[in-house]
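No hydrogens, no waters, no symmetry mates; every other heavy atom, side chains included, goes into these values.
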Amino acid sequence: AVIHGVRGECGQPPVKSQFKAYKLKTGTIRYGEQGVRNSKKCGGQTPAVEVIFTATAPGKEKFEVEGDTITVKVTQ
């Protein structure tokens with residue numbers, strides 16, 4: 001599932017250094033296609049890359065993506 005979008009500077013796509021590796025107990029994170037997302041900071045749509053979570057084990061955890069807290073709960 002797409003859970004977030006990594007954006008660059010307003011109007012610019014993100015740079016590779018923004019893509020961090022995550023070590024999660026309930027799943028994996030990968031980066032997907034480039035598109036756009038709404039950004040309060042940018043005042044509207046700006047280029048972004050999908051952040052995709054794939055569940056691999058039951059459980060609940062919190063982590064941050066680009067300063068936003070994400071909570072996932074994986075059931076069977």
Glu9 backbone acceptor or donor facing Gln12 side chain under 3.5 Å: no

Side-chain donor-acceptor pairs of residues 67-76 under 3.5 Å, sequence neighbours excluded:
from	atom 1	to	atom 2	distance (Å)
Asp68	OD2	His4	NE2	2.7

Linked, directly or transitively: Ile52 and Val6 (ILVMFWY side chains, under 4.5 Å): no

Pair listing, disulfide bond (SG atoms under 2.5 Å apart) test, anchored in residues 14-76, at least two apart: Cys10-Cys42

Which atom of Gln45 lies closest to which atom of Val36, heavy atoms considered: OE1-CG2, 3.7 Å

Where Pro14 and Val49 come nearest, the two heavy atoms and their spacing: CG-CG2, 3.7 Å

Minimal non-hydrogen separation, Glu66 against Gln18, with atom names: OE1-NE2, 3.5 Å

Side chain proximity check, Lys25 to Glu61, heavy atoms < 4.5 angstrom: yes

Joint cluster assignment, Leu24 & Ile3, ILVMFWY side-chain distance < 4.5 Å: yes

Within one Ile-Leu-Val-Met-Phe-Trp-Tyr cluster: Tyr22 and Val2, side-chain cutoff 4.5 Å: no

Arg37 CZ to Thr46 OG1 distance, which is reported to the nearest 0.5 Å: 9.0 Å

Connected via hydrophobic side-chain network under 4.5 Å: Ile29 and Val65: yes

Lys20 backbone acceptor or donor facing Tyr31 side chain under 3.5 Å: yes

4.5 Å side-chain heavy-atom contact, Arg7 and Lys41: yes

